[in-house]
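These notes are about the structure you will find just below.
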There are 2 protein chains.
Amino acid sequence: MATISDVVKRSGISKATVSRVINNHPHVSKEKREKVLAAMKELSYTPNPTARRMRGQLNTTVGLVVHRVVNPYFSYLMDAIERKAAEHNIRVIFFQSKEDKQKEFEFLDLLKQKQVDGMILTTVANSVEDIRPYLEYGPIVFCNEYLRIDDVPIVRISEEDAAFTGVTHLLEEGYRNIAYCTGGLFADEGKDRDRNTGFRKAMEAKQLSINPEWVFIDQHSIEDGRTVMKKITEMDNKPDAIFTGSDEVAAGMTIAAREYGVKIPEDLAVLGFDDQPLCLLTSPQLSTIHQPIEEMGSLAAELIIKLFKGEKLEQLEYELPIKLVKREST
Amino acid sequence: MATISDVVKRSGISKATVSRVINNHPHVSKEKREKVLAAMKELSYTPNPTARRMRGQLNTTVGLVVHRVVNPYFSYLMDAIERKAAEHNIRVIFFQSKEDKQKEFEFLDLLKQKQVDGMILTTVANSVEDIRPYLEYGPIVFCNEYLRIDDVPIVRISEEDAAFTGVTHLLEEGYRNIAYCTGGLFADEGKDRDRNTGFRKAMEAKQLSINPEWVFIDQHSIEDGRTVMKKITEMDNKPDAIFTGSDEVAAGMTIAAREYGVKIPEDLAVLGFDDQPLCLLTSPQLSTIHQPIEEMGSLAAELIIKLFKGEKLEQLEYELPIKLVKREST
DNA sequence: TTGTAAGCGTTATCAT
DNA sequence: ATGATAACGCTTACAA
């Protein structure tokens with residue numbers, strides 16, 4: 001690999017001026033600039049990114065922390081982020097946190113060590129207080145997160161709107177006995193709080209009350225969905241529709257429905273969340289809440305790139321619109 | 001961030017000796033070693049990886065080129081590779097090639113520029129001759145590839161065995177009119193050749209001949225699967241089983257089957273390939289060829305790590321065993 | 001406008 | 001066993 005010194009020898013021009021040309025600095029005569037450019041081309045010279053980084057002048061690598069890459073939600077997000085970053089010649093290093101606090105710290109340390117120049121965090125295990133100190137070392141962007149730190153831009157959907165839209169859809173289709181699933185704990189904080197609010201508001205708008213027996217917490221997987229369906233079949237007082245909060249859970253329910261002879265949506269309407277490709281594979285195909293993953297990833301990448309360039313952001317919170325996709329299950 | 005010079009000041013010991021301690025070199029007195037270690041701890045010093053890389057002494061980053069991360073085959077492979085790499089404190093930078101030759105070169109250039117210390121290539125678009133020069137700059141491992149370059153280790157399954165096993169399964173279940181799908185062109189090279197050989201051998205073993213009308217080439221997606229099913233329903237002389245070479249294609253066929261009233265497996269048995277999670281979501285659930293993705297990724301990571309350490313590999317070609325998973329579609 | 005030289009944080013060479 | 005010192009490739013004061 002040719003170095004800057006090779007270009008110096010070849011062109012007979014000083015290192016400083018060559019560097020100026022490389023970095024498009026002004027105050028270089030046309031003549032010398034062209035000579036340098038010629039030498040660079042002849043040697044097919046490329047600046048060594050490692051050396052640049054050591055001088056502290058490089059922003060080309062962003063770290064991306066996801067929960068698990070095999071979760072389609074995250075793999076689509078990665079895809080969107082990587083494509084946008086690639087357009088700007090930014091590399092993406094990725095990490096799987098498995099929501100392990102210790103691992104998360106290890107990744108954040110890469111920011112401190114200048115191994116990455118910025119971080120996009122999609123699932124934060126640690127607290128605001130633990131994350132904040134790392135801001136000193138480089139820009140951070142939250143994506144699909146509910147922590148709020150001053151100065152940290154955040155890209156997400158309105159969970160309240162999503163739940164409201166989903167439950168309202170079920171109500172409009174004529175269902176009245178609505179069950180509710182969540183990946184969280186039906187808690188009063190973060191994502192849960194917002195979704196719960198949406199759920200409550202939708203129900204209240206029709207003067208309906210929430211049946212606590214029909215609330216399922218901590219449900220994530222296809223297997224969980226099967227279990228939920230089983231539980232419902234065993235109930236005396238059964239719901240006639242369910243907001244699952246997850247396509248996987250909804251898919252699991254379709255599988256179990258076949259086993260138990262439950263007809264979807266006649267006996268039980270099932271609404272997913274995310275709009276993953278699997279929605280088209282189940283029978284019946286799943287109605288769901290479409291998440292604007294592509295836009296979220298693309299925006300998150302753009303934000304961090306702006307921060308790399310030292311641009312000021314005119315806005316810190318971005319709530320992207322969801323939309324309801326009606327298929328066969330509701 | 002504390003630097004080696006800070007440790008020097010704090011401990012009153014020279015840079016050279018501090019460096020020796022950091023790198024566990026011998027010929028350092030117990031006394032000084034402990035002093036240095038103490039200073040390092042007090043300052044919570046970590047060596048700067050960028051500086052190390054510039055000295056040419058760092059092997060901590062591997063580049064991983066996949067076709068598309070949203071393809072579950074690749075996301076599971078990434079997952080396996082990342083987990084194994086993380087065990088050894090190796091970072092994974094990932095790239096999506098979309099099988100674009102130009103992009104592939106850009107990624108390989110990162111090896112030249114020492115942005116990554118080694119490369120795992122899972123889908124090579126360029127020719128052997130184009131790839132070979134990059135070997136000079138760092139180790140390369142092929143995974144799920146069919147190019148052969150001397151000295152480049154390769155991890156894959158036996159495509160011939162996979163096709164033979166799959167087709168033989170269909171024959172053993174009593175099907176005789178076997179259709180065949182491939183993501184390739186039914187060509188005489190690479191992956192195709194091996195799979196075709198397996199297909200032929202399995203058929204020949206039962207003295208059956210291949211009906212060229214039942215061979216579908218260049219089929220990849222769920223949509224492709226729907227099209228294949230449609231074509232089959234329109235045939236006068238229909239096959240009674242199909243080896244799809246892809247779970248997606250097989251899944252697409254189950255969707256179309258519902259639309260056209262085709263019963264699987266009674267009217268047409270369908271065999272997938274990969275054993276992706278979606279196999280459990282379709283009705284009927286898909287029989288398929290299970291790929292040892294976890295093992296492939298893990299092994300590929302181990303190989304590149306061995307090469308980082310300068311270890312000699314005792315073996316260059318690794319063919320991992322597939323197995324047939326019978327579910328409801330055959 | 002141009003060039004010299006210092007410095008980024010390491011490791012390796014060579015004396016001592 | 002230890003310590004100066006050069007070197008990795010680059011950018012940027014500072015001087016000219």
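Values below: every heavy atom of this structure, side chains too, minus hydrogens, waters and symmetry copies. In what follows, chains are A, B, ... by sequence order, proteins preceding strands, each numbered from 1.
Scanning all heavy atoms of the two residues, the minimum distance from B:S75 to A:S75 falls at CB-CB, 4.4 Å.
Between B:S29 and D:dT2 there is a side-chain polar atom (N or O) within less than 4.0 angstrom of OP1 or OP2. Note on A:H25: a side-chain N or O is less than 4.0 Å away from OP1 or OP2 of D:dT12.
Judged as a salt bridge (Lys or Arg N to Asp or Glu O under 4.0 Å), the pairs with a partner in residues 123-143 of chain A (not counting sequence neighbours) are, in order, A:E129-A:R132, A:R132-A:D150. Under the salt bridge (Lys or Arg N to Asp or Glu O under 4.0 Å) criterion, the residue pairs touching residues 10-19 of chain A are A:R10-A:E42, with sequence neighbours excluded. The salt bridge (Lys or Arg N to Asp or Glu O under 4.0 Å) pairs that include a residue from residues 56-67 of chain B number zero, where partners must be two or more places apart or lie in different chains.
If you measure from atom CD of B:Q115 to atom C1' of D:dG9, you get 13 Å, rounded to the nearest angstrom. When the C1' atom of C:dG7 is taken as reference, atom CZ of A:R53 falls 18 Å away, rounded to whole Å. Atoms CE (B:M1) and P (C:dC8) sit 16 Å apart, rounded to a whole Å. The NZ atom of B:K30 sits 19 Å away from the C1' atom of D:dT2 (whole-angstrom rounding). Put simply, CG on B:N24 is 11 Å from P on C:dT11, counting in whole angstrom units. As a whole-Å value, the separation of B:D6 CG from C:dT10 C1' is 13 Å. Separating the NE2 atom of A:H27 from the C1' atom of D:dA15 is a distance of 16 Å, rounded to the nearest angstrom. The interatomic distance linking A:Q57 (CD) with D:dA13 (C1') rounds to 13 Å, in whole Å.
Atom CD of A:Q291 is separated from atom CD1 of A:I157 by 4.0 Å, given to the nearest 0.5 angstrom. With values rounded to the nearest 0.5 angstrom, B:L320 atom CG is found 11.0 Å from B:E294 atom CD.
Checking C:dT1, C:dT2, C:dT11 against every side-chain atom of A:V28, the shortest atom distance belongs to C:dT2.
Ring geometry, A:F95 versus A:F107: the interplanar angle falls under 30°, so the pair is classed parallel (tilted spans 30 to 60°).
With a 4.5 Å cut-off on side-chain heavy atoms, B:M78 and B:L64 count as touching.
With B:E302 as reference, B:K84 is the one residue of B:K84, B:K309, B:R83 to meet the salt bridge (charged side-chain N to carboxylate O under 4.0 Å, His left out) rule.
In this structure, the helix from C:dT1-D:dA16 to C:dT16-D:dA1 shows an angle of 50° between the axis at its start and the axis at its end, each fitted on 5 base pairs and rounded to 10°.
Heavy atoms from other residues, nucleotides or ligands lying under 6.0 Å from NZ of B:K103 number more than 12. When the shell of 6.0 Å around NZ of B:K101 is examined, it contains 12 or fewer heavy atoms from other residues, nucleotides or ligands.
Taken residue by residue, residues 35-52 of chain B places no heavy atom nearer than 4.0 Å to DNA chain D.
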Anything under 3.5 Å between a protein N or O and an N or O of nucleotides 3-6 of chain D, put it in a table, one pair a line.
from, atom 1, to, atom 2, distance (Å)
D:dG3, OP1, B:K32, NZ, 3.3
D:dG3, OP2, B:S14, N, 3.3
D:dG3, OP2, B:S14, OG, 3.2
D:dG3, OP2, B:T17, OG1, 3.1
D:dG3, N7, B:R20, NH1, 3.2
D:dG3, N7, B:R20, NH2, 3.4
D:dG3, O6, B:R20, NH2, 2.5

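Side-chain contact of B:T60 with B:R52: a donor-acceptor pair under 3.5 Å is absent, judged by distance alone.
Counting non-hydrogen atoms under 4.0 angstrom, A:S19 reaches a base of the nucleic acid.
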